Amino acid sequence: MHSLPKLPTACCRKFFVSFRKIARVAMRLPDGWPPRTLGTLRRQVLAWFDANQRSLPWRENRDPYRVWLSEVMLQQTTVAAVVPYFQRFLKTFPTLRDLAAADEQEVLKLWEGLGYYRRARHLHAAAKRIIADHGGKFPADATAVADLPGVGRYILGAVLSQAFEQKFPIVEANSLRVLARLFGYRNDPREGEGRVWVWEAATAVLPEKRIGDFNQAVMELGALVCTPTSPKCPSCPWAKSCIANRDSLQTLIPPPKKPPVIVACREIAVVIRHREKVLVCRRSPDAKRWANLWEFPHADWPAEELFEDAVGRIAEELTGVAVSPGRELLTIQHGVTRFAITMTAAEAQRQSGQFRSPFYSEGRWVSPGELKDYPTSTPQRKLFLEVSRPQQRLF
DNA sequence: AATTCGGGGAA
DNA sequence: TTCCCAGAATT
């Protein structure tokens, strides 16, 4: 029912928030909110920002190139980590033209240690495009900015509001937390409908003037006062209007991230490369030992699809379950290539009794901490992998 | 909607 | 150790 307006794709490629939808946010406010007018809230946070903002190198002026560079560097990166990089980068490439004229390797070298290196490539490519398409002047047009590589919804709003005082919202980790708490939004603003809500909220609170400062103020508030844990509500300019503060829900808003799903995982086979030979082993069906399945010269390494197919058959033979969507075959690199199949905890429990081998340690499930040699965990999903001893000398 | 991309600091 | 960070692009 509540959704962002359809993008006017004819005139812009990426996302814009309609400012006509401000009323929608008010519709979702708790009864009696806000106790103060939005205008008061805006003035309060701007005054707080004027008095409490950190002195940061990219706040010296509002040059679009500097704003843009800082926002790209700050993406998923802490302020403390960015400061020295920002200064070094700006010293090497004082202007957008200097950056565009540079060699990509030089740019990447300066970026070394910051991580997310695709940002640097996008930055460099975007600089070149600005030279080619916009005469070397950073575009003030939202459509043009949104079309630059590496510019998403956040950076679009950040640059346009800070460098050009255009009325665009921003949502990142800080402002998301601040807005959710201020409005007392109970759902998860990071996913589904909540994602829509938080951008509408960020739009609704925007002032008419000092838009760039306001956006920064909300972020700064989240960074210094409205922190994830133990927020300093007594020194918050919005304390008296904040629903989360009123109801003592600071730790529940936004809701803690759902813990990753734990997927049981059983090792099926290993591939060992040694010298010029390749050996594929699997656990024997009786699980008493490791069986050599294939041995062949390295040059005869099977094609990838044949290989996966073969391992899939081994998995089915050993576990009695076929590899299918939702039940994947995993590849784990650990000196040798190991294969494992996912299964539910119940299935794994059922099979564990009849599945022993000299290389299978104690036949128990291990804690994640014991799996450090197995780089199998992802942010969204963790695997419990059955432990097996390293292979004995097989060659 | 889920994953990937990184490295550092804080909890 | 895990979590988190001024997100964007890809699948």
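Computed from a predicted structure; not experimentally measured. The chains referred to below are lettered A, B, ... by the order of the sequence lines, with proteins before strands, and numbering in each begins at 1.
- Taking the centre of each ring, W111(A) and Y85(A) stay at or above the 6.0 Å mark.
- Which of dA9(C), dA6(C), dG6(B) sits closest to the side chain of Q216(A) comes down to dA6(C).
- The interatomic distance linking L108(A) (CG) with dG6(B) (C1') rounds to 14 Å, in whole Å.
- Here dA6(C) presents its C1' atom at 11 Å from CZ of R119(A), a figure rounded to the nearest Å.
- Using atom P as the reference point in both dG6(B) and dT11(C), the two lie 16 Å apart (nearest Å).
- One C1' atom belongs to dG8(B), the other to dA9(C), and the distance between them is 23 Å to the nearest Å.
- Residues Q216(A) and Q162(A) are in side-chain contact: their nearest non-hydrogen atoms beyond the backbone lie under 4.5 Å apart.
- The shortest side-chain heavy-atom distance between L224(A) and R54(A) falls under the 4.5 Å cut-off.
- Taking atom CD of residue E220(A) and atom P of nucleotide dA6(C), one finds them 10 Å apart after rounding to whole Å.
- Separating the CZ atom of R195(A) from the C1' atom of dG7(C) is a distance of 11 Å, rounded to the nearest angstrom.
- Sorted by residue number, the list of members of residues 171-180 of chain A with any non-hydrogen atom under 4.0 Å from DNA chain B is empty.
- Partners of R97(A) according to the side-chain hydrogen bond (donor to acceptor under 3.5 Å, both in side chains) rule, which considers only residues two or more places apart in sequence or in another chain, do not exist here.
- Look at OH on Y117(A): it is 18 Å from C1' on dA9(C), rounded to the nearest Å.
- The salt bridge (charged side-chain N to carboxylate O under 4.0 Å, His left out) test with D50(A) is passed by exactly one of R210(A), R59(A), R43(A): R210(A).
- Distance R190(A) CZ to dC5(C) C1': 13 Å, rounded to the nearest Å.
- Aromatic ring orientation, F86(A) versus W58(A): perpendicular (interplanar angle above 60°, classes split at 30° and 60°).
- With salt bridges taken as basic N to acidic carboxylate O contacts below 4.0 Å, one links K109(A) and E112(A).
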Working for salt bridge (charged side-chain N to carboxylate O under 4.0 Å, His left out), residues E172(A) and R153(A)
CA-CA 10 Å; E172(A) 41 68 75; R153(A) 202 169 177 181; over 6 Å; no
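- The same atom, P, is picked in dA6(C) and in dA11(B); the two are 13 Å apart, to the nearest Å.
- Among the protein residues, I170(A) comes within range of no part of the nucleic acid, since none of its heavy atoms lies under 4.0 Å from any strand.
- Between the NE2 atom of H122(A) and the P atom of dT4(B) there is a distance of 18 Å, rounded to whole Å.
- Both K257(A) and Y116(A) lie near DNA chain C, and the one whose nearest nucleotide falls closer to the 5' end is K257(A).
- Taking the side chain of T229(A) as heavy atoms from C-beta on, and the options dG6(B), dA11(B), dA8(C), the nearest nucleotide is dA11(B).
- Of the charged side-chain nitrogens involved, none lies within less than 4.0 Å of a carboxylate oxygen, so that K257(A) and E191(A) do not count as a salt-bridged pair.
- For the residue pair S241(A) / R246(A), no side-chain donor-acceptor distance below 3.5 Å is found, with atom types taken as modelled.
- When the P atom of dA9(C) is taken as reference, atom CD1 of I155(A) falls 8 Å away, rounded to whole Å.
- Contacts with DNA chain B (heavy atom under 4.0 Å) in residues 66-93 of chain A: Q76(A), T77(A), listed by number.
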